[in-house]
Amino acid sequence: MPHATVPPWLALALLQAALPMLLLGWLLAMPPGGRLSWLAQAAGTGALLLWLGVAGLWTVPPWWAVGVYAALGLWAGDEARRAWSGRRPPPGVLPSLQWPLDGGTFLVVNGGSDIRLNAHLETQDASVPRFARWRGNGHAVDLVALDRWGLRASGLQPADLAAYRIQGWPVRAPCAGRVLIAQDGLPDMVPPRHDVPDRLAGNHVLMACGELHVLLAHFRQGSVQVRAGQHVRAGDGLAEVGNSGGSDEPHLHVHAQRPGPPGMPLGGEPVPVRFEGRYLVRGQRISVPARTGPAAEESTPLKEKVPASRTE
């Protein structure tokens, strides 16, 4: 039986086209958590691309692909550097909130000080009039829960909300204060559908905690346990995680802001915060022990499931 051989053109295509694109994609999509890690990743990618440029047989792809790779490499490296910089909290002393979810393992989906890590920073673009109503979102954090295998759901994007680990998860007040808005009654959307733009926050609670307003959003329909004007303690139950409003899938949205202008309660100046003293960044996995009481007066210590670089 004859042995199968790989055609030379296919071998060249894999080595000189697929491999460089995989390396550049790795540099762009999975930025490391520290300066030394970024330098090592960028240097390793650059060294391999340099070797291919010098020693490669540039017939498939053609010779000009070397210049394309070099340009893409510079761009991807700069994007990774900026994403790494977004792991640092903004300057100054940041307010600290209590962790809002009962014990479990959670993934930070959006968080950080750069738009490459936190899509909510898009709302800071003053040239887009519709963003004014949601300006307080700027430093928001989005959280999902993970199972023992590190999965957030059974499947890639199941239509069944019960397939998402965080659906129905109890949400607690992250600070003591007064409830300003308690919205309930909006439907949970079937992923990936959104509700109409005017109902972006879905079922939500807006609290006044000292000088800050704190929003927790996308609650499950019928789960909100508080009412406007009610005073709550840190750790009191508020609602359950759902998929109402402008949400791709079940998750908890939390942000802090200054009071919004008249008619735009979520349009205040965004305020970056820490949770239990930690600044949350996309990709962090946080392990939280179960609470021992309905309204814990002391902070619950957060532990990263897989250590990431310190941002403090």
Side-chain angles (χ1 to χ4, degrees), residues 27-35 38 75-97 100 106-144 152 174 192 194-195 197-202 204 206-207 209 211-218 245-261 264-275 277-286 308-312:
L27 184 63
L28 178 63
M30 300 182 65
R35 185 186 298 272
W38 176 81
W75 174 74
D78 184 62
E79 287 290 297
R81 178 189 62 81
R82 292 174 183 269
W84 168 76
S85 298
R87 299 180 64 86
R88 295 195 298 257
V93 178
L94 306 187
S96 188
L97 299 178
F106 304 93
L107 176 69
V108 182
V109 179
N110 274 300
S113 58
D114 187 271
I115 196 169
R116 295 161 184 82
L117 299 176
N118 194 343
H120 298 106
L121 286 165
E122 180 185 24
T123 59
Q124 304 311 290
D125 186 351
S127 67
V128 183
R130 64 186 177 87
F131 287 164
R133 294 183 59 190
W134 316 108
R135 180 171 171 76
N137 275 313
H139 289 287
V141 169
D142 289 335
L143 302 167
V144 298
R152 85 205 193 295
H194 288 189
D195 206 338
D198 286 346
R199 304 199 299 216
L200 184 66
H204 64 277
L206 182 67
M207 299 177 56
C209 299
E211 297 180 352
L212 293 181
H213 286 185
V214 177
L215 175 77
L216 300 98
H218 307 307
S247 174
D248 294 316
E249 63 179 56
H251 72 282
L252 178 64
H253 170 108
V254 187
H255 81 244
Q257 60 171 68
R258 300 298 176 191
M264 293 194 296
L266 305 183
E269 183 71 20
V271 177
V273 297
R274 298 176 184 267
F275 288 85
R278 178 174 298 285
Y279 183 66
L280 298 187
V281 176
R282 175 184 289 174
Q284 287 177 334
R285 283 178 287 174
I286 306 296
S309 65
R310 297 296 179 188
T311 55
E312 286 87 309

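No experiment lies behind these values; they were computed from the predicted model shown.
Asp125 is linked by a salt bridge (Lys or Arg N to Asp or Glu O under 4.0 Å) to nothing, counting only residues two or more places apart in sequence or in another chain. Residues that satisfy the salt bridge (Lys or Arg N to Asp or Glu O under 4.0 Å) test with Glu269, not counting sequence neighbours, are Arg135. Annotation: side-chain contact (heavy atoms from CB on, under 4.5 Å) contacts of Pro95 (sequence neighbours excluded): Leu212, Val271, Val273. When the side chain to side chain donor-acceptor pair (under 3.5 Å) test is applied to Asn110, the partners found at least two apart in sequence or on another chain are Asp142, Arg282. Residues satisfying the side-chain contact (heavy atoms from CB on, under 4.5 Å) test with Pro129, not counting sequence neighbours, are none. For His213, there are no side chain to side chain donor-acceptor pair (under 3.5 Å) partners at least two apart in sequence or on another chain. When the side-chain contact (heavy atoms from CB on, under 4.5 Å) test is applied to Ile115, the partners found at least two apart in sequence or on another chain are Leu121, Glu122. With sequence neighbours left out, the ring-ring contact (aromatic ring centres under 6.0 Å, His included) criterion links His255 to His253. Arg133 pairs by the salt bridge (Lys or Arg N to Asp or Glu O under 4.0 Å) definition with Asp198, not counting sequence neighbours.
Across every non-hydrogen atom of Thr123 and His120, the tightest pair is OG1-O, 2.7 Å. Of all heavy-atom pairs between Ser113 and Arg88, the closest is OG-O, 2.7 Å. Nearest heavy atom pair, residue Gly138 against residue Gln124, reads CA-NE2, 3.2 Å. The shortest non-hydrogen separation linking Ala217 to Leu252 is O-CD1, 3.9 Å. Val144 and Pro250 get closest at one heavy-atom pair: CG1-O, 3.8 Å. Between Ala140 and Asn118, the shortest heavy-atom contact is O-ND2, 2.9 Å.
If you take CG on Leu280 and CG on Leu143, they are separated by 6.5 Å, rounding to the nearest 0.5 Å. Atom NE2 of His251 and atom CG of Leu107 lie 12.0 Å apart (nearest 0.5 Å). In this structure, CH2 on Trp134 lies 10.5 Å from CE on Met264, to the nearest 0.5 angstrom. Separation of atoms NE2 (His204) and CZ (Arg199) is listed at 12.0 Å; rounding is to 0.5 Å. With rounding to the nearest 0.5 Å, the separation of NE2 in His194 from CG in Asp248 is 3.5 Å. Here CZ of Arg278 is found 11.0 Å from OG of Ser96. Values are rounded to the nearest 0.5 Å.
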Notebook entry, point to check: Can Leu266 and Asn137 be said to form a side chain to side chain contact (heavy atoms under 4.5 Å, CB included), step by step?
Noted result: CA-CA 7 Å; Leu266 305 183; Asn137 275 313; 5.9 Å; no
Next item on the list: Give the C-alpha distance, both sets of side-chain angles, the deciding distance and a yes or no for side chain to side chain contact (heavy atoms under 4.5 Å, CB included) between Ile286 and Phe275.
Entry: CA-CA 11 Å; Ile286 306 296; Phe275 288 85; over 6 Å; no
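With hydrogens and angles ignored, the 3.5 Å screen pairs a side-chain donor or acceptor of Gln257 with a backbone N or O of Pro265. A donor-acceptor pair is defined here as one N or O able to donate and one able to accept, closer than 3.5 Å; no such pair exists between the side chain of Tyr279 and the backbone of Leu94.
The side-chain heavy atoms of Val108 and Val141, taken from C-beta on, include a pair separated by under 4.5 Å.
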